[in-house]
Amino acid sequence: MLSLRTVQWKEGKVIMVNQRKLPHELVFAEFDEVTQVANAIRTMVVRGAPAIGAAAALGLALAARRSRALTRDELLLDLRRAEKLLEETRPTAVNLTWALTRILSKAESYTGSVEGLKKAVLEEALTITDEDLSVNKQIVEHGSLLIEDGDVVLTHCNAGVLATVGYGTAQGVILQAHRQGKNIKVYPTCTAPLFQGARITMFELMREGVEAYLIADTAAGHVIRNQGVTKVLVGADRILGDGTTYNKIGTYQLAVLAARHGVPFYVVAPTSTVDMITKREAVVIEERPSTEVTRIGDISIAPRGAKAYNPAFDETPPELITAIVTEKGVIEPPFRQNLEKMMSGRPTGGEMDS
Ligand code: MRU
């Protein structure tokens with residue numbers, strides 16, 4: 001079992017698995033400045049919505065620790081500057097904003113000393129990272145109940161241990177079902193252009209001995225149609241109040257294919273990914289450098305001067321989603337009513353509207 005912490009705080013530093021080095025090296029990188037953490041999020045040393053939420057939280061704790069502020073107001077100013085820097089790194093994953101807002105609102109209501117405020121910021125950041133572990137543990141328990149012996153699962157990108165502080169979400173469900181002794185077969189997509197599926201999902205599946213066959217993204221239709229796929233499981237970077245889901249580019253086409261072939265399509269994510277406030281029109285889909293498409297690593301694969309369009313995420317409409325799995329249970333349509341109930345703490349699961 002891959003029982004490491006992707007993101008952690010150790011002796012005044014942030015330690016993170018350097019995911020750019022996977023699968024060939026499993027190494028950790030150390031950070032002691034918030035600017036370094038922001039850069040690590042932007043360049044995807046750390047990636048996956050819950051992991052970047054935790055990284056940003058600890059980044060804010062670093063900003064507090066390094067601040068020379070003499071008053072509470074000066075420290076709050078430094079924290080707001082750090083918040084802005086971190087927030088701009090990756091706009092689609094709502095966990096980032098969620099973690100930063102949570103810490104800033106705690107900081108703003110704190111009335112004690114500068115040192116006390118620094119401590120409070122660190123405590124909240126550590127709580128966020130610890131909670132991610134316990135929440136994901138619950139998610140994989142709920143989600144694994146959906147997986148049956150003999151299932152053939154297709155997954156996209158990496159929503160595993162390394163996309164979170166630990167345990168994972170969609171991929172965590174797959175790993176948990178395997179640990180429970182269920183006989184499953186997995187088809188992870190490579191996930192061009194950055195190959196999180198090939199590099200990271202495949203790394204996690206192979207370490208745990210899950211029967212897995214990596215496929216090109218372009219093979220998904222053929223595989224769903226001909227290889228007996230029984231379920232598609234993906235993570236999410238943002239889920240709106242009506243269930244509209246933003247996830248790695250390529251998710252939408254998988255949802256369309258799944259619907260075409262009557263294959264259940266599950267979105268698996270913590271409630272920190274649920275955004276009941278933002279409207280569709282206001283969601284920013286991150287666009288990444290065109291060189292991620294025209295090159296693979298250092299090798300150019302397109303004619304010199306080729307232009308490229310590189311959206312990092314896409315939008316899957318709720319009608320293509322069979323159910324959403326969170327730490328609070330499995331939610332079926334109608335998503336608007338059921339997400340509202342779940343987020344307001346009203347009963348979930350079997351008591352959902354249908
Ligand atoms: O660009 P990435 O690698 O950060 O994208 C990751 C995804 O799209 C994941 O599916 C999502 O963040 C959920 S991770 C539990």
Side-chain angles (χ1 to χ4, degrees), residues 2 6-7 16-20 22-23 40-56 89-99 129 132-133 135-140 143 154-176 188-204 217 232-239 245-255 265-275 283-289 292-293 310-316 321 324-327:
L2 188 57
T6 308
V7 181
M16 300 195 274
V17 173
N18 184 346
Q19 300 194 39
R20 292 177 64 104
L22 287 167
I41 296 172
R42 190 178 298 106
T43 58
M44 295 171 70
V45 166
V46 60
R47 34 70 49 204
I52 60 182
T89 53
R90 299 205 66 194
T92 311
V94 75
N95 304 61
L96 185 67
T97 323
W98 169 84
T129 56
D132 188 59
L133 277 182
V135 156
N136 296 338
K137 213 170 165 196
Q138 294 170 58
I139 289 177
V140 304
L154 190 142
T155 188
H156 187 53
C157 194
N158 173 262
V161 178
L162 289 150
T164 60
V165 177
Y167 291 107
T169 60
Q171 156 96 337
V173 167
I174 294 169
L175 296 172
Q176 182 66 4
T189 62
C190 283
T191 321
L194 294 181
F195 302 102
Q196 293 93 327
R199 297 187 301 107
I200 308 172
T201 296
M202 207 58 191
F203 172 82
E204 292 185 8
D217 302 355
V232 178
L233 260 69
V234 296
D237 282 74
R238 189 184 291 252
I239 300 170
T245 293
Y246 298 82
N247 191 50
K248 180 51 54 194
I249 191 75
T251 301
Y252 170 56
Q253 64 205 30
L254 294 176
F265 183 91
Y266 295 105
V267 171
V268 187
T271 51
S272 54
T273 304
V274 178
D275 175 1
V283 176
V284 176
I285 299 219
E286 178 186 355
E287 264 186 56
R288 295 193 56 87
E292 289 180 355
V293 178
N310 186 17
F313 298 97
D314 62 21
E315 181 191 79
T316 299
I321 300 169
I324 299 172
V325 183
T326 76
E327 72 274 21

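One-based numbering, in listed order, for ligands and for the atoms of each. Every value quoted in this text rests on a predicted model; they were computed, and no experiment measured them.
- The backbone of Asn158, and not its side chain, has at least one atom closer than 4.0 Å to an atom of ligand 1 (non-hydrogen atoms only; backbone = N, CA, C, O).
- The shortest separation from a heavy atom of Cys157 to ligand 1 is under 4.0 Å, placing the residue in contact.
- Annotation: Thr164 places no N or O atom under 3.5 Å from an N or O atom of ligand 1; distance criterion only.
- For ligand 1, one of its N or O atoms has an N or O atom of Asn247 under 3.5 Å away.
- Atoms of ligand 1 lying under 4.0 Å from at least one heavy atom of Lys248, given by number and element, are 1 (O), 2 (P), 5 (O), 8 (O).
- Regarding atom 15 (C) of ligand 1, its nearest protein heavy-atom neighbour is Thr169 OG1, 3.1 Å.
- When heavy-atom distances to ligand 1 are checked against a 4.0 Å cut-off, Ala159 comes that close through both its backbone and its side chain.
- Residue Glu286 places no heavy atom under 4.0 Å from ligand 1.
- At a heavy-atom distance under 4.0 Å, only side-chain atoms of Pro50, from C-beta outward, approach ligand 1.
- Residue-to-ligand polar distances place Gly48 within reach of ligand 1: an N/O pair is separated by less than 3.5 Å.
- Applying the side-chain hydrogen bond (donor to acceptor under 3.5 Å, both in side chains) criterion to Thr251, with sequence neighbours excluded, gives Asn247.
- The closest approach between any non-hydrogen atom of Met44 and ligand 1 is below 4.0 Å.
- Remark: the backbone N or O of Asn310 is not paired with any side-chain donor or acceptor of Arg288 at under 3.5 angstrom.
- In the vicinity of Phe313, heavy-atom distances shorter than 4.0 Å reach the ligand 1 atoms 1 (O), 5 (O), 8 (O).
- Residue Ala236 places a heavy atom under 4.0 Å from ligand 1.
- Within the 4.5 Å cutoff, the side chain of Thr316 has heavy atoms near those of the Ile321 side chain.
- The CG atom of Asp237 sits 7.0 Å away from atom CZ of Arg90, with the distance rounded to the nearest 0.5 Å.
- Annotation: Gly235 places no N or O atom under 3.5 Å from an N or O atom of ligand 1; distance criterion only.
- Distance from atom 14 (S) of ligand 1 to its nearest protein heavy atom, with residue and atom name: Ala163 CB, 3.5 Å.
- In this structure, the separation between CD1 on Ile200 and SG on Cys157 is 7.5 Å, given to the nearest 0.5 Å.
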Decide side chain to side chain contact (heavy atoms under 4.5 Å, CB included) for Thr169 and Thr273; before the verdict, give the C-alpha distance in whole Å, the side-chain angles of both, and the deciding distance to 0.1 Å.
CA-CA 11 Å; Thr169 60; Thr273 304; over 6 Å; no
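- In this structure a side-chain-to-backbone donor-acceptor pair under 3.5 Å is missing from Thr189 to Asp217.
- The protein atom (non-hydrogen) at minimum distance from atom 11 (C) of ligand 1 is Asp237 OD1, 3.0 Å.
- Looking only at distances, a side-chain donor or acceptor of Arg199 sits under 3.5 Å from a matching main-chain atom of Leu22.
- Using a 4.0 Å cut-off to heavy atoms of Ala49, the atoms of ligand 1 that qualify are 12 (O), 14 (S).
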Are Arg47 and Asn158 close enough, and set up right, to give a side chain to side chain contact (heavy atoms under 4.5 Å, CB included), and what steps lead you there?
CA-CA 9 Å; Arg47 34 70 49 204; Asn158 173 262; 3.0 Å; yes
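- The two residues Ile41 and Leu96 make their nearest non-hydrogen contact at CD1-CD1, 4.3 Å.
- Only the side chain of Gln196 comes within 4.0 Å of ligand 1, counting heavy atoms alone; its backbone N, CA, C and O stay farther away.
- Between the side chain of Glu292 and the main chain of Leu194, no donor-acceptor pair closer than 3.5 Å is present.
- Under a 3.5 Å cut-off, the side chain of Asp314 and the backbone N or O of Tyr252 do form a donor-acceptor pair.
- On a distance-only criterion, Arg47 and ligand 1 share at least one N/O pair closer than 3.5 Å.
- Checking Leu233, Thr245, Leu254 one by one against Phe265, the side chain to side chain contact (heavy atoms under 4.5 Å, CB included) holds for a single residue, Leu254.
- At a 4.0 Å heavy-atom cut-off, ligand 1 touches Arg90 through the side chain alone.
- Heavy atoms of Thr251 stay at 4.0 angstrom or farther from ligand 1.
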